[in-house]
Amino acid sequence: MFYLLNYFIQMKILLNNNDLNEALYNVSNLGFVPTMGSLHKGHISLIKRSLKECKKTIVSIFVNPTQFNNKNDYKNYPRNNRNDFSILKKLKVNFLYMPKKNDVYYFKRKSLIKLKKKDKILCAKYRKGHFEGVIDVMDRLTKLIKPKKIYMGEKDFQQLYLVKKYIKKKPKTKIISCKTIRDTNKLAFSSRNKLLKKSELKMAKKISSELFLLKRKLGNNKNSKKLISQKKNQLTYFYDIKFDYLELINISTFKNSNTTKNSKLFVAYYINNVRLIDNF
Ligand code: AMP
């Protein structure tokens, strides 16, 4: 009987705001996992946490055009709906929201989102307009979905920090930070890994292992700046990669740090045209 019941409880696919409003009418204790699809083990860990902690779970798949500062990057972003459906169905997610651009951007903002000067570091410095786009879309999705909890990954630590700081949410909506899921070489799972050739993926794994070890080596070493700069030069030379940044940042103040105390090593680099980010 239970098996039979389970068979009929299907994931609802919501393709527009009418579907969304109808489905969420009367739903409380809702967990929300925003994604851009091409799902992997990192996303799955967020979804499993929501399924465990909330009565119902909604996952969104929306490749948000406004957060891409490069048209080709948006065009080439990996998309794999068929595989995503099958993952979400297996996980027994209650709702999948796949809006069109007009469903999300159906109203014009009264005032532009502007980052404070002190927040314009790391990706905010190198990807102009990126976080303004992320904050805007998160603000809009939160308004539409009205979840109790939003699950986000520490893999995108700066995104998590800025979304917590800038989105206007109901006081009852909580943002839950979730640990980064990595493979055995310490490479974080990422949709962008799918854009790498086999040899490039191997390289990314080696770079992740090296950065993980560097963070350990830094400890309370007073020469952290020098060690980081040396490693950056070494990796650039050896793997022919291009860094946007490799910086130790205090995660409370979000300012440069000299020790690993309460700090993380943030990295963004390119393997050919593929930009990877992480923090250790
Ligand atoms: P994305 O689809 O890349 O926009 O990511 C959707 C959510 O999944 C974001 O909150 C990410 O931080 C999170 N995420 C992506 N990769 C990982 C990972 N390897 N471990 C944990 N969370 C992740």
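Everything numeric here is computed off the predicted structure, so don't read it as measured data. Each ligand, and each atom within it, is numbered from 1 in the order the structure gives.
- The Phe189 neighbourhood of ligand 1 comprises atoms 16 (N), 17 (C), 18 (C), 19 (N), with distances under 4.0 Å to a heavy atom of that residue.
- The closest approach between Tyr77 and ligand 1 falls below 4.0 Å for a heavy atom of the residue.
- For His43, a nitrogen or oxygen atom sits less than 3.5 Å from a nitrogen or oxygen atom of ligand 1, counting backbone and side chain alike.
- Annotation: the span from Ile150 atom CD1 to Ile167 atom CD1 amounts to 4.5 Å, rounded to 0.5 Å.
- Salt-bridge annotation for Asp139 and Arg109: present, with a side-chain N of the basic residue lying under 4.0 Å from a carboxylate O of the acidic one.
- Within ligand 1, counting atoms from 1 as listed, the ones closer than 4.0 Å to a heavy atom of Met152 are 10 (O).
- Geometrically, Lys186 engages Phe212 in a cation-pi contact defined by less than 6.0 Å to the ring centre and at most 45° from the axis.
- Proximity annotation for atom 20 (N) of ligand 1: of Thr35, Ile181, Ile175, Ile44, Ile181 comes nearest, heavy atoms only.
- Ring geometry, Phe62 versus Tyr105: the interplanar angle falls from 30° to 60°, so the pair is classed tilted.
- The two atoms that bring Ala188 and Lys155 nearest to each other are CB-CD, 3.7 Å, heavy atoms only.
- Here's the thing with Met36: one of its N/O atoms is less than 3.5 angstrom from an N/O atom of ligand 1.
- Protein heavy atom in closest approach to atom 10 (O) of ligand 1: Gly153 N, 2.9 Å.
- Among the candidates Asn69, Asn70, Asp244, the single residue satisfying the side-chain hydrogen bond (donor to acceptor under 3.5 Å, both in side chains) test with Arg127 is Asn69.
- Against a heavy-atom cut-off of under 4.0 Å, Gly42 is close to the following atoms of ligand 1: 17 (C), 18 (C), 19 (N), 20 (N), 21 (C), 22 (N).
- A distance of 6.0 Å or more separates the ring centres of Phe32 and Tyr151.
- Among Thr57, Leu96, Val59, the single residue meeting the side chain to side chain contact (heavy atoms under 4.5 Å, CB included) criterion with Met11 is Leu96.
- Both tests do not hold together for Arg275 against Phe243: distance to the six-membered ring centre under 6.0 Å, angle to the ring axis within 45°.
- Where the criterion is an N or O separation shorter than 3.5 Å, residue side chain and backbone included, Ser45 fails it with respect to ligand 1.
- Residue contacts with ligand 1, taken as heavy atom pairs separated by less than 4.0 Å, involve Leu46 solely via side-chain atoms from C-beta onward.
- Per-residue contacts place Lys179 under 4.0 angstrom from the following atoms of ligand 1 (heavy atoms of the residue considered): 20 (N), 21 (C).
- Scanning the protein for heavy atoms near atom 23 (C) of ligand 1, the closest one is Lys155 CB, 4.0 Å.
- For the pair Pro34 and ligand 1, a heavy-atom separation below 4.0 Å is found.
- Inclusion of Ala188 in the set of residues having an N or O under 3.5 Å from an N or O of ligand 1 is not warranted.
- The closest approach between His40 and ligand 1 falls below 4.0 Å for a heavy atom of the residue.
- Summarising the local packing, NZ of Lys143 is surrounded by more than 12 heavy atoms from other residues, nucleotides or ligands at distances under 6.0 Å.
- The structure places CD1 of Ile207 at 11.5 Å from CG of Asp278, a figure rounded to the nearest 0.5 Å.
- Nearest to atom 12 (O) of ligand 1 among the protein's heavy atoms is Asp156 OD2, 2.6 Å.
- Neither the backbone nor the side chain of Lys41 comes within 4.0 Å of ligand 1, counting heavy atoms alone.
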